[in-house]
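Structure first, then comments.
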Amino acid sequence: MATTTNAADPSYEQSKSIAEASRETEWKQPSFGRELFLGNFQLDLIHPQPQASAEMTAKGEAFLAKLRRFLSEQVDPLQIERDAKITDEVVDGLKALGALGMKVPEEYGGLGLSQVYYNKALALTGQWHSAIATLLSAHQSIGLPEPLRMFGTDGQKREWLPKVANTHISAFLLTEPDVGSDPARMTTSATPTADSAGYALNGVKLWATNGAVADVVIIMAVVPKTETSKGGITAFICPTDSDGVTIEARNAFMGLRGIENSVTRLTDVFVPNQAVVGGVGKGLKLALATLNTGRLSLPAIASASTKLALKISREWASERRQWGAPVGKHDPVAQHLAFVTGTAFGLEAVVDVSSRLADDKRNDFRVEAALAKLYASEMGWKAVDTMIQIRGGRGYETAQSLKDRGEKPVPAEQMLRDMRINRIFEGSTEIMHLLIAREALDQHLAVAGDILDPKVAMADKAKAAVGAAKFYAGYLPTLVTGEGQRPNAYAEEFGSLAPHLRYVERHARKLARSTMGLMGVHQASLEQKGALLGRVVDIGAELFAISCACVYAHSLAGRQPARREELYELADLFAKQARGRTDSLFSELFSNHDAAQYKTAQKVLEGGYEWWESDILDPSGEGPMIPKHEPPATRQFEANGSGNGVAAPDVAQQAEVVQ
Ligand SMILES: Cc1cc2nc3c(=O)[nH]c(=O)nc-3n(C[C@H](O)[C@H](O)[C@H](O)COP(=O)(O)OP(=O)(O)OC[C@H]3O[C@@H](n4cnc5c(N)ncnc54)[C@H](O)[C@@H]3O)c2cc1C
C-alpha cells in the first residue's frame with residue numbers, strides 16, 4: 001500500500017511562522033536562563049533560593065504523607081504492569097485524596113499545593129508506578145486544570161475547576177496522525193455553526209494520554225478565517241460524552257503500561273462559543289504558556305526515577321559479589337555508580353531550583369523549565385540505562401519474573417522502558433533544542449536579525465547594522481572579563497563549591513562569545529544547523545545544572561548543617577561530571593563532522609545505500625507508515641466561511657493568520 005499523508009504540506013517557513021507566532025515574545029521579568037546564554041551569570045536570580053511559607057510546607061508535607069501511605073498500602077505496581085491498567089479503586093483513591101486537584105486553588109475545591117509539592121507528589125507516584133504519575137500529570141499539567149487556571153474565564157473556572165479537582169479526569173488533544181512536532185499540519189477543524197452559537201469539531205486526534213477514560217478534554221482545532229475572524233488554532237473544552245466523540249482505540253506502548261491513551265475521532269462535535277479557552281487563534285500560545293510550567297512535571301518524574309536508580313544500583317553493587325569482591329568495588333562499576341549518584345543529585349537540584357522559581361513568581365522561568373525538561377529527560381535516561389548495566393542480567397528481567405523466582409521485584413527494566421518517552425513527548429529533545437536555541441538567540445536576532453536575513457533589503461540591512469553596532473559596542477566588553485576570573489569569587493559563601501561557580505561564570509561568557517562566533521561563521525544558515533544549536537543549548541543546560549547543584553547543596557546545608565560535607569561532596573561530584581561534558585561540547589562547537597554526516601544522511605534518504613539492505617528480513621511486513629484517515633461522515637453544517645463542516649483548513653491561510 002502506498003504511503004500517504006493527509007494534510008497539505010506546509011513549508012518550513014509556514015511551520016516556523018506558526019511556532020514563532022505562538023512564542024511568548026516579551027520578557028517582563030528577569031530570567032536566569034536567558035542571561036546565562038547572554039554570558040551574564042546572575043547568580044542572585046536563583047540564590048538564595050526562595051522558601052515557601054511554613055503553612056504551605058506543612059500542607060504539602062501532610063499531603064505527601066497521605067499519598068505515600070495510600071500508594072504503599074493500596075496500590076500494587078506489579079498489578080498495573082501485569083494488567084496494563086490502573087484499577088478503578090486506585091483512581092477513586094486518588095480522587096478521594098484530592099490528587100486530581102493538587103494545584104487547583106482551594107477556592108475551587110483543589111488542594112492549592114505549591115509547584116514544589118506538586119512535583120514532589122508526582123515524583124513519589126512516579127517512583128511507585130510511572131503510569132500513575134503520567135495520569136496525574138497529563139490531567140493537571142496539560143489537561144484542563146492548568147490552561148483554565150491561566151486563561152479560563154471566571155465562568156469556565158467556576159464550572160470546571162471544582163470538577164477537575166475532584167471527579168473529572170481530563171486530557172489534552174493536540175497530536176494527530178499527521179501532526180506531531182508541527183502544528184502547522186493540523187487538520188482538525190472547528191467550523192462556526194450557522195446560528196453562530198458555537199463550532200462543529202471534526203478530525204482525528206492521536207495519542208491523547210487519559211483520552212480513553214477522560215470525562216472532559218481540551219481539543220486543539222483550526223477555526224477558518226472569515227471576514228470577521230482571523231481564525232487559527234484554537235483550544236476548546238469538550239466533555240467526552242458530547243455527541244460525535246468516539247474513542248476508536250486504546251494505544252499500547254513500550255512503557256507506561258496502564259496509561260489510558262486514545263485515538264479519538266470527532267464527528268461534528270458541537271461545542272458552544274463559551275468552550276473556547278484563551279480566544280480564537282490563541283490555542284498554540286495557550287499550549288506553550290501552559291507548558292512553561294507544565295514542563296516541570298516530567299523532570300520531576302525523571303529525577304525521582306534517577307534517585308530510585310541510585311538506590312537500586314547501590315543496593316545491588318554492594319551485595320552482589322563477583323571476582324572476589326562486591327561488583328561496586330570493580331572500577332568500571334564504581335564509575336557507573338558515581339555517574340548515577342552525581343546525576344541523581346544534579347537532577348534533583350535542577351527540579352528544586354526551577355520549581356521554587358515557579359512558586360516565587362518573581363522570575364521568568366520559561367528557559368529554566370525548558371532546560372529542566374530537556375536535561376532531565378536526557379540525563380535521566382542515561383542514568384537509568386547505567387543502572388541496568390550495574391544490575392547485569394537482572395536489570396533486563398521483569399520485576400514479576402524476579403518475584404516469581406523468589407527475588408526482590410526490582411522494576412529496573414520497567415524504569416528504562418518508562419523513562420524513554422520523556423525524550424519524545426511534551427517537546428522532543430530536538431524540538432526543545434530548537435525552542436531553547438530560539439530564546440538563546442533572541443537578543444541577537446532582535447538587534448542583528450535583519451542583517452542576517454537574506455530577504456531583507458540592503459537599505460534596511462544598513463539601518464539594522466547601525467543599531468547592531470551600537471548594541472554590540474556596549475555588549476562585547478561585558479564578555480571579556482568577569483567574576484569567574486577573580487581567584488576567590490563566590491568562596492565566602494560557597495566554600496569548596498566556589499570553583500564550579502567561577503567555571504560557570506567564565507563559560508557562560510565563553511558560550512556567548514562562541515554563539516556570536518557561530519553566527520558570524522554561519523550567518524542566516526545557522527538556523528539550519530540543528531546539531532550545532534543543540535550543542536549550544538546543551539552547554540547552557542550543563543551550566544544551569546552546575547549552578548543549581550551548588551545553590552541546592554548550599555540551601556540544603558543551611559537546613560541540615562550536619563550533612564553539609566556530604567551535600568557539598570555530591571554537588572562537587574556532579575559539577576565535575578558536568579564540566580567534563582561541557583568541555584567536550586565546547587570542543588565540538590567548531591570541530592565536528594556535522595556537514596559530512598548531513599551529506600551522508602541525505603544519500604541514505606535518497607536510497608544511495610538501499611542496495612545494502614537487500615538481505616534484511618523485515619518483520620514489519622507491508623502497510624502504510626501513516627495511513628490516510630478518512631474524513632468523518634458529516635451532517636453538513638451550514639457553516640460560516642467554508643460552508644462545509646469538514647473542510648480542511650488552508651495551511652497557508654493559517655500561517656498568514658498567526659503572523
Ligand atoms: C505515550 C505517549 C503519550 C502522548 N501523550 C500525548 C497527549 O496527551 N496529547 C497530545 O496531544 N500528544 C501526546 N503525545 C504525542 C507526543 O507529544 C508526540 O509524540 C511528540 O510531539 C512528537 O511527535 P511525533 O511523535 O509525531 O514525532 P515527529 O514530529 O514525527 O518527529 C519525528 C522525529 O523528528 C524530529 N523532528 C521533527 N521536527 C523537527 C525539526 N523541525 N527539527 C529537528 N527535529 C525534528 C522529532 O524530534 C523526532 O525525533 C503522546 C505520545 C506518546 C508516545
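When a ligand or atom number is given, it counts from 1 through the structure's own listing order. Just so it is clear, the values below take in all heavy atoms, side chains as well, and ignore hydrogens, waters and symmetry mates.
For atom 14 (N) of ligand 1, the closest heavy atom belonging to the protein is Trp207 O, 3.6 Å. Phe425 CD2, 3.7 Å is the protein heavy atom nearest to atom 2 (C) of ligand 1. Among all non-hydrogen protein atoms, the one lying nearest atom 37 (C) of ligand 1 is Ser181 OG, 3.6 Å. With respect to atom 12 (N) of ligand 1, the closest heavy atom belonging to the protein is Thr175 OG1, 2.7 Å. Protein heavy atom at the shortest distance from atom 41 (N) of ligand 1 is Leu434 CD1, 3.7 Å. Atom 46 (C) of ligand 1 has its closest protein heavy atom at Ser428 OG, 3.7 Å. In this structure, atom 39 (C) of ligand 1 lies nearest to the protein heavy atom Ile431 CD1, 3.8 Å. Of the protein's non-hydrogen atoms, Gly180 CA, 3.8 Å is the one closest to atom 24 (P) of ligand 1.
Atom 32 (C) of ligand 1 lies below 4.0 Å from none of the non-hydrogen atoms of the protein. For atom 20 (C) of ligand 1, a protein non-hydrogen atom is found at a distance below 4.0 Å. Inside a 4.0 Å radius of atom 8 (O) of ligand 1 there is at least one protein heavy atom.
Salt-bridge check for Asp9 with Arg185: passed, with a basic side-chain N closer than 4.0 Å to an acidic carboxylate O. Using a cut-off of 4.0 Å between Lys/Arg side-chain N and Asp/Glu carboxylate O, Arg149 and Glu146 are scored as salt-bridged. Here Arg23 pairs with Glu439 in a salt bridge; the nearest charged N to carboxylate O distance falls below 4.0 Å. For the pair Glu527 and Arg438, the salt-bridge criterion is not met [side-chain N within less than 4.0 Å of a carboxylate O]. Ion pairing of Arg535 with Asp594 is present here, as a side-chain N (NZ or NE/NH1/NH2) and a carboxylate O approach within less than 4.0 Å. Using a cutoff of 4.0 Å between basic side-chain nitrogens and carboxylate oxygens, Lys285 and Glu24 are not scored as salt-bridged.
With Asp618 contributing its side chain and Ser620 its backbone, the two residues share a donor-acceptor pair below 3.5 Å.
In terms of polar-atom proximity, defined here as any N/O pair under 3.5 Å, Phe172 does make such a contact with ligand 1. Considering backbone and side-chain atoms together, Leu174 places an N or O closer than 3.5 Å to an N or O of ligand 1. When only interatomic distances are considered, the shortest N/O to N/O separation between Asp182 and ligand 1 does not fall below 3.5 Å.
Taking every heavy atom of Ile424 and a limit of under 4.0 angstrom, the matching atoms of ligand 1 come to 19 (O), 20 (C). For ligand 1, the atoms closer than 4.0 angstrom to any heavy atom of Asn261 are 2 (C), 3 (C), 4 (C), 5 (N). For ligand 1 and Thr209, the ligand atoms under 4.0 Å from any heavy atom of the residue are 3 (C), 4 (C), 5 (N), 6 (C), 7 (C), 8 (O).
Within the cation-pi definition used here (under 6.0 Å to the ring centroid, within 45° of the axis), Lys282 does not qualify as a partner of Phe151.
Taking OG1 of Thr188 as the reference point, atom CZ of Phe236 lies at 10.5 Å (rounded to 0.5 Å). Going from atom CG of Leu135 over to atom OG1 of Thr209 covers 9.5 Å, rounded to the nearest 0.5 Å.
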(message) side chain to side chain donor-acceptor pair (under 3.5 Å) for Thr429 and Glu378? Distances and angles first, verdict last.
(response) CA-CA 8 Å; Thr429 289; Glu378 286 294 323; 2.6 Å; yes
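Distances from ligand 1 to the non-hydrogen atoms of Leu256 include no value under 4.0 Å.
Of the heavy atoms in Asn210, none comes closer than 4.0 Å to ligand 1.
Between Phe270 and Tyr199, the ring center distance fails the sub-6.0 Å criterion.
Relative to atom 49 (O) of ligand 1, the option among Arg420, His433, Glu430 with the closest non-hydrogen atom is Glu430.
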